[in-house]
Number of protein chains: 2
Amino acid sequence: MTIMDKLVTASEALFDRHGFTATGMDKLTQGAGISSRTLYKHAGSKNALIARVLNERDKRFARRLEVESIDALFKALEDWVRVEGARGCLFLRALGETGGDTPEIVDAVLAHKVRVAERIAALVEHETGRDDAMLVEQIIVLFEGATAAAIYRGEQAVAAARQAAATLLAGAHS
Amino acid sequence: MTIMDKLVTASEALFDRHGFTATGMDKLTQGAGISSRTLYKHAGSKNALIARVLNERDKRFARRLEVESIDALFKALEDWVRVEGARGCLFLRALGETGGDTPEIVDAVLAHKVRVAERIAALVEHETGRDDAMLVEQIIVLFEGATAAAIYRGEQAVAAARQAAATLLAGAHS
DNA sequence: GACGATGTAAAATGAACGTTTTACATTGGT
DNA sequence: ACCAATGTAAAACGTTCATTTTACATCGTC
């Protein structure tokens, strides 16, 4: 496990549990078990570290979404919530905390959202045989809503989203 | 306009645009046009001010949701997004920034979420004549998802949620 | 066995944080 | 006219922030 891996892993957990601004550099160095000099030599700055954490999370999340149906997509989200907990979309949280004033963070967030949207669009087209923009938007909303609502309603929110997606999909014949 | 009104109004705008932690007390006093001494005499502390801002926002939001159908509920959300912009649910953002470590904030957030959920449950029962817990959960997810997705997809996310809700509702006969 | 790279430990930087305090101005009620 | 209340302005509080620097240890490699 490289220094960067330790740093990103520890930072992601701390950011997720306590927020980005509320997590100071001392917590990050302490969490990763490295000195602040090493942190800055590797990460450059706190904002750069945040962006890197988000990009790594995007990769890990995308790997989980390598499925072949909308239903499996929501099943994957259920697994994610069960394993990683439900504290809301870390990307949108980063955006909210920084007010969209940090370009490297904005870029990471938008790239992630575009990737998820494209994944959903591909699955919808694969299942319906059509390019149904409205249905894609509906699935995106359900996916985002399940992530957010799971914070305070738990896994049942994801289960409800999954069933809603199935219903909407069943109504869209090819 | 009382001092408290000025303070809460200015604070809500600043918190919403720049985040809670990133907004310092100097910005808040300057935004409200009052001294820090007056702010502390009225609000007590920053966390108490945040809780008050959330409670006031909950009231204002609830007033907007005084409608008689699920469709009108999403229409109201469309109006809200058009007027107030889409930077995500301020309640969940507050929860995320504080990591759930501030009881007064947690209370304000949960109270808000319970209130919205009850509103949705009442409307669903009014329209279907039944107590359909799954359908209620689905509408909650759509509502939450529209709020979150609107950040990066704009009003079309709310429109999609609205139509999805109509479809799901049509499938639930009384 | 010396060397450059790479790490740690710890102190220093200067600014910003939330909060309190001191000193003073304004004002409305009796 | 006066007093208590309520406001402002501004400095001071001690802490914490992100970042840099200084000094020193450890290492694999030639």
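Proteins come first, then strands; the chains are lettered A, B, ... in the order of their sequence lines, and each starts at number 1. As the structure is a computational prediction, the values presented were derived from the model and not from experiment.
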Step through the shown structure and confirm whether more than 12 heavy atoms of other residues, nucleotides or ligands are within 6.0 Å of CZ on A:Arg87. yes
If a pair means Watson-Crick or G-U wobble with both distances below 3.5 Å, what does DNA chain D look like in dot-bracket form, with | marking bases paired to a different strand? |.||||||||||.|||||||||||||||||
Would a 4.5 Å heavy-atom cut-off, applied to side chains only, mark [X] and [Y] as touching?
X        : Y        : value
A:Glu56  : A:Asp5   : no
A:Arg60  : A:Glu84  : yes
A:Thr167 : B:Thr167 : no
A:Arg64  : A:Val83  : yes
B:Thr38  : B:Lys41  : no
B:Asp132 : B:Val136 : no

Inter- and intrachain pairs under side-chain hydrogen bond (donor to acceptor under 3.5 Å, both in side chains), touching [range], at least two apart:
range                       : value
residues 19-34 of chain B   : B:Thr21-B:Glu97
residues 114-124 of chain A : A:Asp58-A:Arg115
residues 146-163 of chain A : A:Asp71-A:Arg162, A:Glu78-A:Arg162, A:Arg82-A:Glu155, A:Tyr152-B:Glu144, A:Arg153-B:Glu137

Which of A:Asp79, A:Leu142, A:Val67 passes side-chain contact (heavy atoms from CB on, under 4.5 Å) with A:Phe74? Answer is A:Leu142
Under 3.5 Å, sequence neighbours excluded: what are the donor-acceptor pairs made by side chains of residues 98-105 of chain A?
{"unit_1": "A:Thr98", "atom_1": "OG1", "unit_2": "A:Ala94", "atom_2": "O", "d": "2.8"}
{"unit_1": "A:Thr98", "atom_1": "OG1", "unit_2": "A:Leu95", "atom_2": "O", "d": "3.4"}

Mind calculating the distance between CD1 (B:Ile50) and C1' (C:dG18) to the nearest angstrom? 11 Å
Just jot down the side chain to side chain contact (heavy atoms under 4.5 Å, CB included) partners of A:Ala122, sequence neighbours excluded, or say none. none
What pairs with B:Asp107 under side chain to side chain contact (heavy atoms under 4.5 Å, CB included), at least two apart in sequence or on another chain? none
Compare side-chain N and O positions of A:His42 against OP1 and OP2 of C:dG7 and report whether any pair is under 4.0 Å apart. yes
Contacting residues from [range], given that a heavy atom lies under 4.0 angstrom of DNA chain C:
range                      : result
residues 33-41 of chain B  : B:Ser36, B:Arg37, B:Tyr40
residues 90-103 of chain A : none
residues 13-30 of chain A  : none

Which residue pairs satisfy the ring-ring contact (aromatic ring centres under 6.0 Å, His included) criterion with at least one member in residues 83-138 of chain A, sequence neighbours excluded? A:Phe61-A:His112, A:Phe91-A:His112
Which nucleotide span of DNA chain D, 5' end to 3' end, has atoms closer than 4.0 Å to non-hydrogen atoms of chain A? D:dC17 to D:dA23
